[in-house]
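None of these values were measured; they are calculated from a predicted model.
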Amino acid sequence: MEERKNLDERQKMTDLERLRHSAAHVLAAAIAQLWPDAQFAAGPPVEDGFYYDVDLKHRISPEDFPAIEAEMKKLIKANQVFEKVIVTRDQALADAKAGRLAALGNREVPSKFKLDIIEGIPADEPVSYFKTGEFIDLCAGPHVMRTGNVGAFKVTSVASAYYKGDEKNSQLQRIYGTAFKNKTQMDEYFTMLEEAKKRDHRKIGAEMGLYVMDTEYVGPGLPLWLPKGTVIVEELEKLAKETEFAAGYVRVKTPHLAKEKMYKTSGHLPYYAESMFPPMDLSEDRGSSQEAIQHIDDVAKSDLDFTKRLLAIRKIVEIEGKTDATALKELFHSFDEKVSVGKKLIEDERHGNTERYYLKAMNCPHHHRIFAAEPHSYRDLPLRLAEYGTCYRYEQSGELFGLMRVRSLNMNDAHIYCTPEQFASEFNAVNEMYLKYFKIFGLEKYQMRFSTSAPEGLGKKYVDEPALWKQTEDMVRQVLIDSKINFVEVANEAAFYGPKIDVQVWSAIGREFTIATNQVDFAVPKRFGLTYRDKDNTEKTPLCIHRAPLGTHERFIGFLIEHYAGNFPLWLAPEQVRVLTIGDEAAVVDYANGITNELRAQQVRVVADCGTNNIKGKIQSAEVAKVHTMLVIGGRDLEAGNVSVRLHGKGNIGAKPKAEAIANILQAIASRQG
RNA sequence: GCCGGCAUAGCUCAAUUGGCAGAGCAUCUGAUUUGUAAUCAGAAGGUUAUCGGUUCAAGUCCGAUUGCCGGCUCCA
């Protein structure tokens, strides 16, 4: 559920947010005009505009937008004043019951969501309305002065959302719109959207042949990297490996799955099981499990009242492997006799000869076992284990999104085991590495989101180690402050094992992406009993830093596609150079092939186009394929020992001696520039 | 997973009230011998996502399934 903003925070709204918030009221008033029985929930400004959640029998569709916009236009033209009215709590409750809130007049049914919201307003906060004409809405403000201040607006889409974001609550229609001071700014916004659409990684990825989703044979969210996409994958790996090698990392390789014991020990199962693929059961003797299920089925049949709960247990036994005795007691206490048999079977199963394997959703436990494989002295630390590890996460079907949200992912992962004394410099070095990468990719805008725990989550969402939480959070905060890195702190979003930093970057067209992560782990190494021998000859548990500066191949490349609009710099370009001949005279073709071979011998990704097509056609196809550098070769070039260089999107830059052109290409690739 | 929308050739899109599935690009064949963003001609390409239903007749109407898209919740 979204945190409720207090009045101080509300006053901090920017002018644009205020305008959009007001536009949301105008939208609600327009909808109330068209459908008087509409029940409104909340209508805040959001990043690109605003929305209002409404409960309405009529399904609003894009076909309704013109009518809604027309109503809004009338209200804006009327230039109604946003009039703030402070009311007593009783008055507000009475009005809500009379259906008067978020409405044009009294109604037969109460304004149910507003009623609920009033009840949630803290006692020390005043209750206020905003009135525009006959439309009265419960609202703390702030607003613009008049509806006429909403200069330009558009209703953009409709989607569904749960009341207060909780799936247990009723489902509402969320009407999205956007608003700006004037039409010029709104046009700029829509131009940006158009640009984003053109740069959509799914579109460009398909056009350039970078990856495909074979949902029929492989599965949704499981991308296949085509040869051209694999080039990018491997160039990024090369960059990461070089950078990590220089920073003192060592590389390891681990399998894609592990026994259940791994994730029971790590503590991931209770926190993370939902996000993992269901386990593979390799038990030699599955009898007990089958028997338990059979028994439970029989019990279920024997008493319909309990069917539902029994099926829930059956599911737990069958899938989750959770056989919590307390939960069983609670559910079955009135069923002692029947249940005792089932319980016994389940216990047998738990202690039985089970072999359950999970596809790994993260690499850390494997790395922990590598740490555990050999004894360590404080002299070995920090130990930095790096791996481009393939993980599998069972993302909900509705979450999958091109390369940005997938079920198989390759993480630029590493785990740094260090002493508390080493922590600050190690953590800082990781942050420095991020900045280094940002420079290479030309990312000017970034922000680190520092996520901390919340006291009420200890023992539930987070491991119950209050002292360690405080200690590590303080350490991280200090590093961030000392290094003057741009960061914001958000409470209650940490990983279960420690505070974390998510790195947000903005692409060339200003869209935000969460790319990388950097997490502190003071809990899991302890659970695996990892230790090193310290100077004082005692065994101590190391701290662990999880870090993934390039996130996953999948998301990072998705981001890069948009960032570069598919026009990759030379070092990343799937096809770096294409040699184009003018005609197919043998001498010209020989010269072209010679250049092609020379480049290929230097590891340059080069293709020769020596066919009989005319040069315009060859250039057209090279440009469409976003080939970075085109070397055009005709009789003139052959005679002079030149090549004519043409750069994608930049046009012809003229003839150059062959050796010079090749040297320039090699230099640009080696320096990862251009 | 939930709500809503969508699904026609490799890609982008056509197909009148239900009445013979079609075009451009890409592909293949041949011709064209060309100086910086598309040379010409021909061929091939389809159980209209899948399964079921209504109908004399279904790409078109109805139902289910799968996938994708926009959101919600979640997240690298």
Asks: So, does the side chain of A/E216 form a donor-acceptor pair with the base of B/U66 at under 3.5 Å?
Replies: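 Answer no: no donor N or O sits under 3.5 Å from an acceptor.
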Asks: Expressed in angstrom and rounded to an integer, what is the separation of A/Y217 atom OH from B/U66 atom C1'?
Replies: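 Rounding to the nearest Å, OH of A/Y217 and C1' of B/U66 are 14 Å apart.
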Asks: Within the pair A/R202 and B/G70, is there a side-chain N or O less than 4.0 Å away from OP1 or OP2?
Replies: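 It does, given that an N or O in the side chain of A/R202 lies less than 4.0 Å from OP1 or OP2 of B/G70.
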Asks: Among the candidates B/G70, B/A38, B/U33, find the nucleotide nearest to the side-chain atoms of A/E585.
Replies: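 For A/E585, the side-chain atoms sit closest to B/U33.
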Asks: Testing the 3.5 Å rule here: is there a donor-acceptor pair between the side chains of A/Y497 and A/Q519?
Replies: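 Yes.
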Asks: Identify which nucleotide among B/A76, B/G67, B/U36 has an atom closest to any side-chain atom of A/T514, counting heavy atoms from C-beta outward.
Replies: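 My answer, after comparing the listed nucleotides, is B/A76.
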Asks: Please confirm whether any donor atom in the side chain of A/S644 sits under 3.5 Å from an acceptor in the base of B/G35, or the reverse.
Replies: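 Between B/G35 and A/S644, which were checked side chain against base, a qualifying N/O pair under 3.5 Å is present.
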Asks: Regarding B/C75, can its base be found pairing with the side chain of A/E274 as donor and acceptor, where the two atoms are less than 3.5 Å apart?
Replies: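 Between B/C75 and A/E274, which were checked side chain against base, a qualifying N/O pair under 3.5 Å is absent.
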Asks: Students often get this wrong, so: under 4.0 angstrom with heavy atoms, is A/F556 touching a base, only sugar-phosphate, or nothing?
Replies: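 Contact class for A/F556: none.
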Asks: Tell me whether the count of non-hydrogen atoms from other residues, nucleotides or ligands lying under 6.0 Å of CZ in A/F401 goes above 12.
Replies: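 Buried by this count: over 12 neighbours within 6.0 Å.
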Asks: For the residue pair A/Y392 and A/H256, categorise the inter-ring angle as parallel (less than 30°), tilted (30 to 60°) or perpendicular (more than 60°).
Replies: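 A/Y392 and A/H256: tilted rings.
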Asks: Assign A/K500 to base, sugar-phosphate, or nothing according to its heavy-atom contacts below 4.0 angstrom with the strands shown.
Replies: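 Sugar-phosphate: the residue A/K500, judged by heavy atoms under 4.0 Å, touches backbone atoms but no base.
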Asks: Choosing from B/A76, B/G35, B/C72, which nucleotide comes nearest the side chain of A/R174?
Replies: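 The listed nucleotide nearest to A/R174's side chain is B/C72.
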Asks: Is it the case that A/R20 places NZ or CZ above or below the six-membered ring of A/F50, under 6.0 angstrom from the centre and within 45 degrees of the axis?
Replies: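 Not satisfied by the 6.0 Å and 45° rule.
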Asks: Have a look at A/T552 and say if it touches a base, only the backbone sugar-phosphate, or nothing, with a 4.0 Å heavy-atom cut-off.
Replies: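 The answer is base, as A/T552 lies within the cut-off (heavy atoms under 4.0 Å) of a base atom.
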Asks: Assign A/G617 to base, sugar-phosphate, or nothing according to its heavy-atom contacts below 4.0 angstrom with the strands shown.
Replies: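 Sugar-phosphate: the residue A/G617, judged by heavy atoms under 4.0 Å, touches backbone atoms but no base.
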Asks: Just checking A/L580: base, sugar-phosphate only, or nothing, at a heavy-atom cut-off of under 4.0 Å?
Replies: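 Since no nucleic acid heavy atom lies under 4.0 Å of A/L580, the category is nothing.
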Asks: Remember a base hit wins even if backbone is also touched, and classify A/T215 as base, sugar-phosphate or nothing at under 4.0 Å, heavy atoms.
Replies: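 Sugar-phosphate: the residue A/T215, judged by heavy atoms under 4.0 Å, touches backbone atoms but no base.
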Asks: Does this structure show an ion pair linking A/K626 with A/E207, if we count only N-O contacts that are shorter than 4.0 Å?
Replies: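 Looking at A/K626 and A/E207, the cut-off is not met.
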Asks: Roughly, in whole Å, what's the span from CD in A/E399 to P in B/C68?
Replies: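 Going from CD in A/E399 over to P in B/C68 covers 12 Å.
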Asks: Would A/K198 and A/E195 satisfy salt bridge (charged side-chain N to carboxylate O under 4.0 Å, His left out), going step by step from the backbone distance to the final call?
Replies: CA-CA 5 Å; A/K198 277 187 226 152; A/E195 186 61 20; 3.7 Å; yes
Asks: Give the nucleotide from the list B/G35, B/A38, B/C75 with an atom nearest to the side chain of A/I615.
Replies: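 The listed nucleotide nearest to A/I615's side chain is B/G35.
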Asks: Any side-chain N or O of A/Y176 under 4.0 Å from OP1/OP2 of B/C72?
Replies: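 Indeed, a polar side-chain atom of A/Y176 lies that close.
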Asks: Detail all sub-3.5 Å separations between protein N/O atoms and N/O atoms belonging to nucleotides 26-32 of chain B.
Replies:
| from | atom 1 | to | atom 2 | distance (Å) |
| --- | --- | --- | --- | --- |
| B/U32 | N3 | A/T612 | OG1 | 2.9 |
| B/U32 | O4 | A/T612 | OG1 | 2.0 |

Asks: Within this structure, what is the OH-to-P distance between A/Y394 and B/A76, rounded to whole angstrom?
Replies: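 A/Y394 atom OH is separated from B/A76 atom P by 19 Å.
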Asks: A/I582 has an atom CD1; how far is it from atom P of B/A37, in whole Å?
Replies: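 Interatomic distance, CD1 of A/I582 to P of B/A37: 12 Å.
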Asks: Quick check: on RNA chain B, is the nucleotide nearest A/R407 upstream (toward 5') of the one nearest A/Q620, or the reverse? Name the residue that is more 5'.
Replies: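 Between the two, 5'-proximity favours A/R407.
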Asks: So if I take every side-chain heavy atom of A/Q396 and compare against B/U36, B/A76, B/U73, which nucleotide ends up nearest?
Replies: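 For A/Q396, the side-chain atoms sit closest to B/U73.
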Asks: Of the options B/C68, B/A76, B/U36, whose atoms approach the side-chain atoms of A/P220 most closely?
Replies: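 Among the listed nucleotides, the one closest to the side chain of A/P220 is B/C68.
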Asks: Is the base of B/C74 touched by the side chain of A/R393 through a donor-acceptor pair closer than 3.5 angstrom?
Replies: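 A donor-acceptor contact between them is absent.
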Asks: How is A/E554 classified with respect to the nucleic acid when contacts are heavy atoms under 4.0 Å: base, sugar-phosphate, or nothing?
Replies: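 Nothing: the residue A/E554, judged by heavy atoms under 4.0 Å, touches no strand.
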Asks: What I want to find out is whether A/E235 reaches A/K238 closely enough, with some N-O distance under 4.0 Å, to be called a salt bridge.
Replies: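 Answer for the salt bridge query: yes.
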Asks: Run through A/Y564, A/F441, A/F513, A/F438 and flag the one making a ring pair (Phe, Tyr, Trp, His ring centres under 6.0 Å) with A/F559.
Replies: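 In the set A/Y564, A/F441, A/F513, A/F438, the residue that makes a ring pair (Phe, Tyr, Trp, His ring centres under 6.0 Å) with A/F559 is A/F513.
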Asks: If you look at every strand shown and take non-hydrogen atoms under 4.0 Å, does A/I515 touch a base, only sugar-phosphate, or nothing?
Replies: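 Touches sugar-phosphate only.
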Asks: Is the phosphate of B/G35 approached by A/K618 (side-chain N or O, under 4.0 Å from OP1 or OP2)?
Replies: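 Looking at the OP1 and OP2 atoms of B/G35, neither is under 4.0 Å from any side-chain N or O of A/K618.
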